[in-house]
Colleague: 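There's a structure below that I have some questions on.
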Amino acid sequence: MPKNALVSVRYGPYESCGIVDHKTFRLEGLQAALKDDGHRCVLEKTNEGDVVELVVSGESVYSCKITQLEFGGDGKLDPLCRGAVTAVRKAY
C-alpha cells in the first residue's frame, strides 16, 4: 500500500473503571504509529465490544482487542501497533 493510505480505525466500547464506553486512549499509540508511517486515520465507532479493526480500501487488514493495546504512548514499543502498521503496508 502506498504511503498516505486512508485507514479506517473501527473501534468498539470496552470496560474501564466499571464503565463501558467508546474510548480512544488506547488508540493513541496506534494512530501515532500509522501517522508516523505516512497514513491518514479516520476513527469509526462500532458496537462490537473490545475490538479494533483497521480497514483499507474496504478490506479489513488487521484486528485485535483494544484492551491489548498499550495505554497512550507513541506506539513504537507496542508490538500490536507494529503489526498493524505492517498489515497496512501489505494491503493490496
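All values derive from a computational prediction rather than experimental measurement.
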Colleague: Walk me through whether Lys45 and Leu43 qualify under side chain to side chain contact (heavy atoms under 4.5 Å, CB included).
Modeller: CA-CA 7 Å; Lys45 293 180 181 179; Leu43 297 179; over 6 Å; no
Colleague: Val88 and Val61: side chain to side chain contact (heavy atoms under 4.5 Å, CB included), yes or no, with the steps?
Modeller: CA-CA 7 Å; Val88 170; Val61 296; 4.2 Å; yes
Colleague: I need the Thr86 OG1 to Tyr62 OH distance, nearest 0.5 Å.
Modeller: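 The OG1 atom of Thr86 sits 9.0 Å away from the OH atom of Tyr62.
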Colleague: Looking at every non-hydrogen atom in both residues, tell me the closest pair between Ser8 and Glu44 and how far apart they are.
Modeller: OG-OE2, 3.3 Å
Colleague: Please list, chain by chain and in numerical order, all residues satisfying side chain to side chain contact (heavy atoms under 4.5 Å, CB included) with Lys23, sequence neighbours excluded.
Modeller: Tyr14, Ser16, Asp21, Phe25
Colleague: First locate atom CZ of Arg40, then atom CG of Leu6, and finally report the distance between them rounded to the nearest 0.5 Å.
Modeller: 5.0 Å
Colleague: Atom CD of Gln31 and atom SG of Cys41: how far apart are they, to the nearest 0.5 Å?
Modeller: 5.5 Å
Colleague: Work out which heavy atom in Cys81 is nearest to a heavy atom in Gly75; give both atom names and the distance.
Modeller: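 It is CB-O, 3.4 Å.
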Colleague: Applying side-chain contact (heavy atoms from CB on, under 4.5 Å) between Pro13 and each of Asn47, Val20, Ile66, report the one that passes.
Modeller: Val20
Colleague: Between CZ of Arg26 and CG of Asp50, what distance do you get to the nearest 0.5 Å?
Modeller: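 Those atoms lie 8.5 Å apart.
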Colleague: So, applying side-chain contact (heavy atoms from CB on, under 4.5 Å) with Arg10, which one of Val42, Thr46, Val52 is it?
Modeller: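 One option only clears the test, and that one is Thr46.
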Colleague: Only counting residues at least two apart or in another chain, list the ones meeting side chain to side chain contact (heavy atoms under 4.5 Å, CB included) with Asp74.
Modeller: Lys76
Colleague: Same hydrophobic cluster for Val51 and Leu34, using side-chain heavy-atom links shorter than 4.5 Å among ILVMFWY?
Modeller: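 No; Leu34 is not reachable from Val51 via cluster members.
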Colleague: Can you get from Val7 to Leu69 by hopping between Ile, Leu, Val, Met, Phe, Trp and Tyr side chains that sit under 4.5 Å apart?
Modeller: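 They do share one cluster, since a chain of ILVMFWY contacts under 4.5 Å joins Val7 to Leu69.
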Colleague: Using the rule that two of Ile, Leu, Val, Met, Phe, Trp, Tyr join whenever any of their side-chain heavy atoms come within less than 4.5 Å, decide whether Leu54 and Leu27 are in one cluster.
Modeller: yes
Colleague: Flag yes if more than 12 heavy atoms outside Glu48 fall under 6.0 Å of its CD atom; otherwise flag no.
Modeller: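 No, the 6.0 Å shell around CD holds no more than 12 heavy atoms from other groups.
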